[in-house]
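Each chain gets a letter, A, B and so on, in the order its sequence line appears, and its residues count up from 1. What you see is a predicted model; the values in this text were computed from it and never measured.
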Number of protein chains: 2
Amino acid sequence: MVTAKQERLSEIVGVALRLAEDGGLAAVSLRAIAAEVGLTPMALYGYVRGKDDLLDRLVARLLSEVAAPDPALDWRDRLLACARAARGMAHRYPRTFPLLLTRPAVLPDAVRVVDPLYAALLDAGVPQEDVPGLERMFSTFVLGFAVSEVGGRFGTGGLDPAERRAGVDPADVPAHRRLGEVLDRPVDWDAEFEEGLRRLLGVVERAAHRE
Amino acid sequence: MVTAKQERLSEIVGVALRLAEDGGLAAVSLRAIAAEVGLTPMALYGYVRGKDDLLDRLVARLLSEVAAPDPALDWRDRLLACARAARGMAHRYPRTFPLLLTRPAVLPDAVRVVDPLYAALLDAGVPQEDVPGLERMFSTFVLGFAVSEVGGRFGTGGLDPAERRAGVDPADVPAHRRLGEVLDRPVDWDAEFEEGLRRLLGVVERAAHRE
DNA sequence: ACCTGAACACCGTTCAAGT
DNA sequence: ACCTGAACACCGTTCAAGT
């Protein structure tokens, strides 16, 4: 049974998510949310302990949207499905997504998302004691890549590749000179993500064979 | 020659860094910095374009502290040195460090830090066109791991491993049940980071041999 | 039980004014 | 050139009060 209180809370979190995507995380304020749902700012404290609690619920909302992979799939395809789902969410909620990396992977929502990854690694034949660490390596890559991509770390800051190196003495960056025009090529981010996953599946396989 | 203006700017960024580490990024305000350096908040606009610009300078300050690896070292040891230096900085500046992942890897400071990584990958025999992508994979792991570690994503949120799974129906997380007590063991983060690096060196080697 | 109003101690930033 | 003061439009949160 869904109470009126739960429904209002869900509306509050939904408004917070929309505000974040429309105006960035800085636009998520209790006052703005209150105005949007037709309450005074203080009334929100009946639903949420404070702003930190609200942000935790925002994280929980994102995690709740991650579908578990089809258990009939090969372990490889299950890992790939999870990774692609996470990156897809980063593209859907680019401004909220970085919270996943900064805030504690707090229970129980995170536990539910991680479980299929543990299962896939176990099914791959990874020794039990290596599973948690390998899961952290895998999810660190997936989250880190997605955050870098949508957060702009991989971007050029709106500059040409050429002007990007304008402020630097070429003598200080010899390897950039060795790479030359390779650095000016446009990047296919989908392909690079998939290539990273392919390499990580190789890592998993080798961990499974104790190399 | 260092002008008085440059010195004051450097002081401003230093105060910002200290405020961030003492009270978190939320404690970094133009008004607090101004009070600390003995100016009115508006006087800061003579040194900094605004708060965003200040945060960019904070990132630049961190990047300027990353020492280039000894070029006499093997490519492997150069990659390891860079990775350990980055993680060490995360431990020194745990509250400021996450900015590195969220903000654009903006020039020219970031370029100078990346150059030794490009050099190491080239010396390893990685084909030119694979170098930038492999560098992004490597630095994504290093930054992502360090941010997760100091930011608390890898942490338990202050809860016992046991109570961590209290709010979850065991039937919903079968792989957690399969792993059992393995999940309750304490983690040696140094060892896990090194293990991740070891695995990534393997990835680099295979990229160098075109596998 | 659920909500409001006023208040407190903060923000970043603009603008006009001072020396 | 460098800095100040006042003002504007915001914050999160506490507390006492309303219905």
- Message: List the residues meeting ring pair (Phe, Tyr, Trp, His ring centres under 6.0 Å) with B:W75, not counting sequence neighbours, and say none if there are none.
- Response: none
- Query: Does A:R198 have any side chain to side chain contact (heavy atoms under 4.5 Å, CB included) partners at least two apart in sequence or in another chain, and if so, which?
  - Reply: A:E195
- Over how many whole Å does the gap from A:L44 atom CG to C:dC2 atom C1' extend? 13 Å
- Check salt bridge (Lys or Arg N to Asp or Glu O under 4.0 Å) between B:E129 and all other residues, then give those that pass, not counting sequence neighbours. none
- Task: With a 4.0 Å heavy-atom cut-off, tell me which residues in residues 7-16 of chain A come close to DNA chain D, sorted by residue number.
- Result: none
- Item | Short side-chain N/O contact from A:K5 to OP1 or OP2 of C:dA1, under 4.0 Å | no
- Message: Please encode protein proximity along nucleotides 7-14 of chain C as a string of B, S and -, counting only heavy-atom distances under 4.0 Å.
- Response: B---BBBB
- Query: Mind checking what makes side chain to side chain contact (heavy atoms under 4.5 Å, CB included) contact with A:A119, not counting sequence neighbours?
  - Reply: A:R78, B:A175, B:R178
- Message: Could you walk me through whether A:R61 and A:E65 satisfy the salt bridge (charged side-chain N to carboxylate O under 4.0 Å, His left out) test, starting with their C-alpha distance in whole Å, then the side-chain angles of each, then the deciding distance to 0.1 Å, before giving a yes or no?
- Response: CA-CA 7 Å; A:R61 163 75 69 102; A:E65 282 192 28; 5.2 Å; no
- Message: What does the 5'-to-3' dot-bracket notation of DNA chain C look like when only Watson-Crick and G-U wobble pairs under 3.5 Å count, and pairs to other strands show as |?
- Response: ||.|||||...|||||.||
- Task: Please list, chain by chain and in numerical order, all residues satisfying side-chain hydrogen bond (donor to acceptor under 3.5 Å, both in side chains) with A:R49, sequence neighbours excluded.
- Result: none
- Item | Which residues share a ring pair (Phe, Tyr, Trp, His ring centres under 6.0 Å) with B:F97, sequence neighbours left out | none
- Task: Could you tell me which residues satisfy salt bridge (Lys or Arg N to Asp or Glu O under 4.0 Å) with A:E149, sequence neighbours excluded, listed by chain and number?
- Result: A:R87
- Return the set of residues passing salt bridge (Lys or Arg N to Asp or Glu O under 4.0 Å) with B:R31 (not counting sequence neighbours), or none when no residue passes. none
- Item | P spacing across the pair C:dA9 / D:dC10, given as an integer number of angstrom | 22 Å
- Query: With A:R57, which residues qualify under salt bridge (Lys or Arg N to Asp or Glu O under 4.0 Å), at least two apart?
  - Reply: A:D53
